[in-house]
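Okay, structure first, notes after.
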Amino acid sequence: MKFDTPAGRNPIDELKVVGKPTDRIDGPFKTTGRAQYAYDWYDPKSKAAYGYVIGATIAKGRINAMDLSAAKAAPGILAIVTAENAGPLDKGKLNAAKLLGGPEIEHYHQAIALVVAETFEQARAAAALVRVDYTETKGAFDLAAVKDTGKPEKLASAPSDTSIGDFEGAFSAAPIQLDATYTTPDHAHAMMEPHASIASWDGDSLTVWTSNQMIDWGTRDLALTLRMPKEKVRLISPFVGGGFGGKLFLRSEAVMAALGARAAKRPVKVALTRPLTFNNTVHRPATIQRIRLGATPDGTITAIGHESWSGNLPGGKPEAAVQQTRLLYAGANRMTQTRLAMLDLPEGNSMRAPGEAPGLMVLEIAMDEMAERIGIDPVEFRIRNDTQVDPEKPERRFSQRSLVECLRQGAAKFGWDKRIAKPGQVHEGRWLVGMGVASAFRNNINVKSGARVRLDDRGVVTVETDMTDIGTGSYTIIGQTAAEMMGLTLDKVVVRLGDSAFPVSSGSGGQFGANSSTSGVYAACVKLREAVARALGVNSDDAVFTDGYVRSGNRSVPLADAAKAGELVAEDTIEFGGDLSKTYQQSTFGAHFVEVGVDTSTAEIRVRRMLAVCAAGRILNPKSARSQVIGGMTMGVGAALMEELAVDTRRGFFVNHDLAGYEVPVHADIPHQEVVFLDETDPISSPMKAKGVGELGICGVAAAVANAVYNATGIRVRDYPVTLDKLIDQMPDAA
Ligand code: MOS
């Protein structure tokens, strides 16, 4: 099905199942331990052996020799795979560095060997006996030091630089100006389930149970890497214990498991140990960002400029931190620039709301600073500079844009009128209390997505698609979609996901999964409804599917009857494009409000209240959507207050590579979180009239926290994370 005209009324609009706050249908599997994650699988044909990955201990250079003799003699050893004995390997399309390194080493903890043994402990013990002789060469590891060597580099689907009007002229002429530089650190996905795979060969066919967000990319890249036909590779990933972008791509453990299984002639299971995940895989790259704003005393932005610098390995992409600045606020004179410098740290790549998350961390502090300079309320300042068209291409309207509504509703609900603009005024016992606000913005992306649906003679509909559920609720919203389309209750729908044997879906990423994959299920169900109508001999145009029956004229037949003569199967793929995407800019919006307390003596920061108001088209399941948003808000608090990969700029690695050193928020750090969804539908987005929310939730949160800290203390921190050491010497009561 092609989606190229605005959606009209369709069966989803009945909202008997879709749009209802519904418990996850996979919840009982998870809470009773029956959901099999990658490392839990077993191959019934033979017992799996265990692989242990060895990571390089230099960041750049060459392996001169590897001494495997002691390891090979260790108990239980079945095989040791290295680049020398693995046979020829290529690189996946989406991998900047090789997933099995050697002799060249491209980054610290790049996988250089897999030790396979009968037990995990044997593999780990033998891995410790492998001796590697390296020649280390000098690398670039410090973004600040190499920043000025950065080159213009295109964003995923946009130019590196944009320029509208006369930015420099308007900025220098502006009566009120802000010119400030900010930094955001490298971030780790730190998902709960580490990267894990079990690989099993059957002749020249390979099956890998893995933990991956994008089944089709993974299948393609694994086949490319191993130089085999894609049809011979099957990826199975029905449950994913968090990804956040870190599992968008094929990673080393899947390749190593496949190579290990080939060498050991047994299925092999490999999980990256927690310390390996930080330097072996990918991370959100650090940025240095400069914002220049010019405005008139009435709060109208006349010039808006955003420059961003980030680093990456050759073949890696820049962090698209200027992305939202092209679309979020009006302003006649504008410029954005993206510069990419070469760094020999592990590969930087997508992490939840790549681009907007670090971009808004900075832009939304700058907006707060500018509002203060102008002497205007920061909510009002944002509202005054709203735009209903793409400010760079005014002929493109936003399909929906309710930023102002989000800000207004949020301000009213949060009690923003009680905020005292002058910082450092509110004392509550030992706490200084402040409030902060930030806009949330994330683009809505639609991705081609396919599904197959089956109707059996019990009236049960089974959905099959290679879509993944990375903890987001895909199972449930896909089930809700099929139930709505076929006039069933949710318990009459079975959802099967995460298998490359199923039709290719959008996969999970870029907050495109929910809207795209359910639209693919919608398309397949349209075909199934036609097949049902044919089987029952009714006209599909006036057939009504409801309560397990198909009604047409004065006939009413059980849906199951359509499959009496055999299962009905339909398959389709939704494709987006055409004029809709050219004429309309599709984005999601929100407003984050945060209250913090800062300890007057220790400068410890406690988040006290959080509110998000979101506008993201139809909300398919308010319960799982809320979970997505509060997860994003929690991650935003992490970005604001604690998350930072500490770079060893001499040796070139992330030092705090475990969850003791890389701090993320825990329950005790997070107060009550409130989420409001505006009641809207977007007929431009898809037949579901929905958009993404999974990344919107993190966008802007960190700035709202930083702005609240400023309001509480009067201390402006422009280098994330906002930790107490950056506050304590300037605290109002400091001696
Ligand atoms: Mo997302 S960072 O595209 O999983």
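Numbering of ligands and ligand atoms starts at 1, following listing order. The basis for the numbers below is simple: all heavy atoms, side chains too, and nothing from hydrogens, waters or symmetry mates.
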Exercise for the section: List for me each residue that meets side-chain contact (heavy atoms from CB on, under 4.5 Å) alongside T22, sequence neighbours excluded, and say none if there are none. Expected result: K20, T476, Q480, L490, N621
Fill in the blank from the handout: So the salt bridge (charged side-chain N to carboxylate O under 4.0 Å, His left out) pairs with at least one residue in residues 439-451 (sequence neighbours excluded) are E356-R442, R442-E695
Exercise for the section: Not counting sequence neighbours, which residues clear side-chain hydrogen bond (donor to acceptor under 3.5 Å, both in side chains) with R284? List them please. Expected result: H187
Handout entry: Passing candidate, side chain to side chain donor-acceptor pair (under 3.5 Å) with T336, options H306, E307, R326, E392
Key = R326
Fill in the blank from the handout: Pocket residues around ligand 1 (non-hydrogen, under 4.0 Å) come out as Q213, F244, G245, L248, S350, M351, R352, P354, G509, G510, E695
Practice task
Please report the shortest heavy-atom distance between S685 and D682, naming the atom on each side.
Solution key: OG-O, 2.9 Å
Handout entry: Check: Y329 ring centroid to F441 ring centroid under 6.0 Å
Key = no
